[in-house]
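Read the structure below first, then the notes.
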Amino acid sequence: MAHAGGAYPVLVGAGALAELGHFIDGPALAVVDAVLPELPELELPGLRQLRIEGGEKAKTMAGALRLLAEFERHRLGRDGTVVAVGGGTIGDLAGFAASIWLRGIALVQVPTTLLAMVDSSIGGKTGVNTDGAKNAVGSFWQPRAVLADTRYLASLPPEQLAGGQAEVVKYAMTLDPGIAGLEDLEAVVERCAAAKARVVAADEREQGLREVLNYGHTVGHAIEAASGYTVQHGRAVAWGMRAAARISARLGLCERSLVETQDELLRRHGLPGERPPVELAAVLRATASDKKARQGRLRWVLLRGMGRAETGHEVPDAVVEAAVAEILVD
Ligand SMILES: NC(=O)c1ccc[n+]([C@@H]2O[C@H](COP(=O)([O-])OP(=O)(O)OC[C@H]3O[C@@H](n4cnc5c(N)ncnc54)[C@H](O)[C@@H]3O)[C@@H](O)[C@H]2O)c1
């Protein structure tokens with residue numbers, strides 16, 4: 001994965017964790033999600049482990065402060081390394097703490113959920129939530145390496161796997177249609193990780209192309225917010241993709257058949273699932289307030305064709321309303 005400051009390897013496969021020793025050259029602390037099985041590859045000289053609870057509630061400023069206190073207690077110096085072993089929440093939290101400790105020390109990402117393997121561990125975005133907003137505090141801090149050891153996926157609950165598959169469908173629809181035909185999960189992770197790395201290498205700070213990765217997230221976030229965050233992120237994104245594809249077709253950017261293709265890809269993974277417990281009006285209100293927060297301009301990511309997304313579209317309110325009504329009411 002190339003970025004302004006250099007490049008780092010993204011290793012994918014069962015056993016990738018065995019390479020960890022190559023990316024640690026001083027004292028190191030592994031911040032590990034407590035639900036994970038213990039793997040012998042984490043027993044390395046100089047590497048200590050801190051097991052903490054993962055999940056969205058862990059991703060707070062208080063959680064980051066606790067980690068900084070642990071870094072101090074473990075005497076992590078400038079030659080120290082933080083190894084984030086967990087899903088996106090642990091990766092974002094430990095990555096954020098690593099980025100501000102001593103103005104930034106080395107970080108290795110060991111993603112353990114499908115979502116983290118295909119998305120959050122790559123690209124250098126870290127952060128925590130505030131009471132009012134997700135990922136409101138954060139930094140860009142590129143890891144030294146990403147080790148996606150697919151053995152971890154064996155213990156992942158089906159619901160989490162489905163959530164990750166929503167992002168996989170996102171990559172197929174926006175960047176690489178070939179992903180849709182892959183059966184083997186390791187191949188899927190490899191190909192999605194490569195797609196993300198290409199996009200981030202071209203636009204590290206999200207000034208253009210990287211916005212493609214937000215496909216489905218405008219209505220997805222609105223559904224999450226309108227449901228009081230009871231709808232899982234991946235499922236909300238799947239609903240959001242359904243809306244975005246319909247907007248694309250309504251605006252004549254793509255054929256209506258693309259909507260059916262996407263619906264079918266989502267269905268294969270049981271997505272989006274049950275209709276979310278939200279009122280149409282609440283979703284539209286959440287979308288409108290997002291728009292207001294961005295000076296009245298929402299930049300939609302829409303589809304031109306399979307694997308071809310475009311950023312920066314402004315969409316008339318009536319088209320948004322019709323598409324959201326179509327997915328939620330029909
Ligand atoms: N930094 C980025 O670029 C970026 C991109 C996308 C999403 N994110 C963030 O990622 C987070 C979501 O990530 P996630 O879906 O991985 O969530 P998560 O870290 O909360 O993991 C989901 C659940 O699975 C458990 N878990 C993790 N690995 C497991 C395993 N191998 N076996 C069994 N259980 C396991 C966790 O304890 C948690 O309960 C969100 O906070 C989101 O904001 C960040």
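Keep in mind that what you see is a predicted model, and the values were worked out from it rather than measured. First listed ligand is number 1; within each ligand, the first listed atom is number 1. FYI, the numbering just counts along the sequence from 1.
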Got the closest protein heavy atom to [atom], with its distance?
{"atom": "atom 9 (C) of ligand 1", "answer": "D92 OD2, 3.4 Å"}
{"atom": "atom 19 (O) of ligand 1", "answer": "T89 OG1, 2.7 Å"}
{"atom": "atom 8 (N) of ligand 1", "answer": "S120 CB, 3.6 Å"}
{"atom": "atom 37 (O) of ligand 1", "answer": "D33 OD2, 2.7 Å"}

Out of curiosity, is [X] lining ligand 1, as in a heavy atom under 4.0 Å away?
{"X": "G163", "answer": "no"}
{"X": "P157", "answer": "yes"}
{"X": "E206", "answer": "no"}

Below a 4.0 angstrom heavy-atom separation, can you tell me which part of [X], side chain or backbone, both or neither, approaches ligand 1?
{"X": "V35", "value": "side chain"}
{"X": "Q232", "value": "neither"}
{"X": "L156", "value": "both"}
{"X": "E167", "value": "neither"}

Quiz item: Would you say S121's side chain and A116's backbone share a donor-acceptor pair under 3.5 angstrom?
Solution: yes
Quiz item: Can you list the residues that meet the side chain to side chain donor-acceptor pair (under 3.5 Å) rule with D25, with sequence neighbours excluded?
Solution: none
Exercise. Quick one: sort the W101 and F71 rings into parallel, tilted or perpendicular, breaks at 30° and 60°.
Key: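 Aromatic pair W101/F71 classed perpendicular.
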Practice problem: State the atoms of ligand 1, each with its element, that fall below the 4.0 Å cut-off from a heavy-atom position in T113. | Solution: 14 (P), 16 (O), 21 (O), 27 (C), 28 (N)
Quiz item: Which atoms of ligand 1 sit under 4.0 Å from any heavy atom of L36?
Solution: 28 (N), 29 (C), 30 (C), 31 (N)
Lys/Arg-Asp/Glu bridge criterion (N-O < 4.0 Å) met for [X], [Y]:
{"X": "R246", "Y": "D263", "result": "yes"}
{"X": "E326", "Y": "R250", "result": "yes"}
{"X": "R191", "Y": "D176", "result": "yes"}

Self-check item: Protein contact for atom 39 (O) of ligand 1 (heavy atom, distance under 4.0 Å)
Solution: no
Quiz item: When you look at CD of Q49, are more than 12 heavy atoms from neighbouring residues, nucleotides or ligands closer to it than 6.0 Å?
Solution: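 Counting neighbours around CD of Q49, more than 12 heavy atoms of other residues, nucleotides or ligands fall under 6.0 Å, so yes.
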